[in-house]
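Fair warning: this is a prediction, and the values are worked out from it, not measured in the lab.
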Amino acid sequence: MKRILMLTLLASLLLGCGGGRDVKTLGVEEFAKMAAQKDVRLIDVRTPEEYAEGHLAGAENINVKDSAFAERIKDIEGTVAVYCRGGRRSLTAAEQLAKQGCTVYNLDGGIMAWMKAGKPTTATVAE
């Protein structure tokens, strides 16, 4: 009986019993459909400089490497679509968002895969 209880506890810890949800990594076409939905918050987690060079239309920039990242995302709820340059930083951000209960979609291959697929980006105009 003790062994079953210990295994159950261990499984709960490994599966994440903190209320977080899984991160779903999507290819470009699936991500484009997801990000276009009006109830999805689209977040570019790259640096402001990278964001200014080109980003997905409608994306907000919250730099995952910024020391204030956790503070800036603490009130985010619901469904979120995240991306970065190649997919690694956004996966880190996605995991943090999932831990706080968000449903998170990560762009496989990041904006590099997006551009390779011929999808449009928007550059910020310097004033």
Engineer: Identify whether L56 and M112 are in the same connected component of the hydrophobic contact network (ILVMFWY, side-chain heavy atoms under 4.5 Å).
Structural biologist: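 Same cluster.
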
Engineer: Can you hop from V104 to F31 via hydrophobic side chains spaced under 4.5 Å?
Structural biologist: no

Engineer: Got a second to check how far S90's OG is from L107's CG, nearest 0.5 Å?
Structural biologist: 7.0 Å

Engineer: Between T25 and D108, does any side-chain donor sit less than 3.5 Å from a side-chain acceptor?
Structural biologist: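 Per modelled atom types, T25 and D108 side chains form no pair under 3.5 Å.
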
Engineer: Taking the side chain from D39 and the backbone from T79, do they hold a donor-acceptor pair closer than 3.5 Å?
Structural biologist: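 No, the answer is negative, given that no donor and acceptor are paired below the 3.5 Å cut-off.
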
Engineer: At what distance, to the nearest 0.5 angstrom, does OH of Y105 lie from CE of M34?
Structural biologist: 4.0 Å

Engineer: One pair to check against salt bridge (charged side-chain N to carboxylate O under 4.0 Å, His left out): K33 and E30. What are the steps and the verdict?
Structural biologist: CA-CA 5 Å; K33 290 176 188 171; E30 290 177 300; over 6 Å; no

Engineer: Does Q100 reach the main-chain N or O of I76 with its side chain, forming a donor-acceptor pair under 3.5 Å?
Structural biologist: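 At least one qualifying donor-acceptor pair exists.
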
Engineer: Is atom CD of E77 surrounded by more than 12 heavy atoms (other residues, nucleotides or ligands) closer than 6.0 Å?
Structural biologist: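 Atom CD in E77 is not packed in, count stays at 12 or less.
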
Engineer: Please assess T92 against R89 for the test side-chain contact (heavy atoms from CB on, under 4.5 Å), listing each intermediate value before the final yes or no.
Structural biologist: CA-CA 5 Å; T92 298; R89 286 179 282 175; 5.6 Å; no

Engineer: I'd like to check V64 versus R46 (side-chain heavy atoms, cut-off strictly below 4.5 Å). Are they in contact?
Structural biologist: no

Engineer: Let me confirm one number: the OG1-CZ distance from T103 to R41, rounded to the nearest 0.5 Å.
Structural biologist: 14.5 Å

Engineer: First locate atom CG of D44, then atom OH of Y83, and finally report the distance between them rounded to the nearest 0.5 Å.
Structural biologist: 3.5 Å

Engineer: Does T47 offer a backbone N or O that forms a donor-acceptor pair with the side chain of E50 under 3.5 Å?
Structural biologist: yes

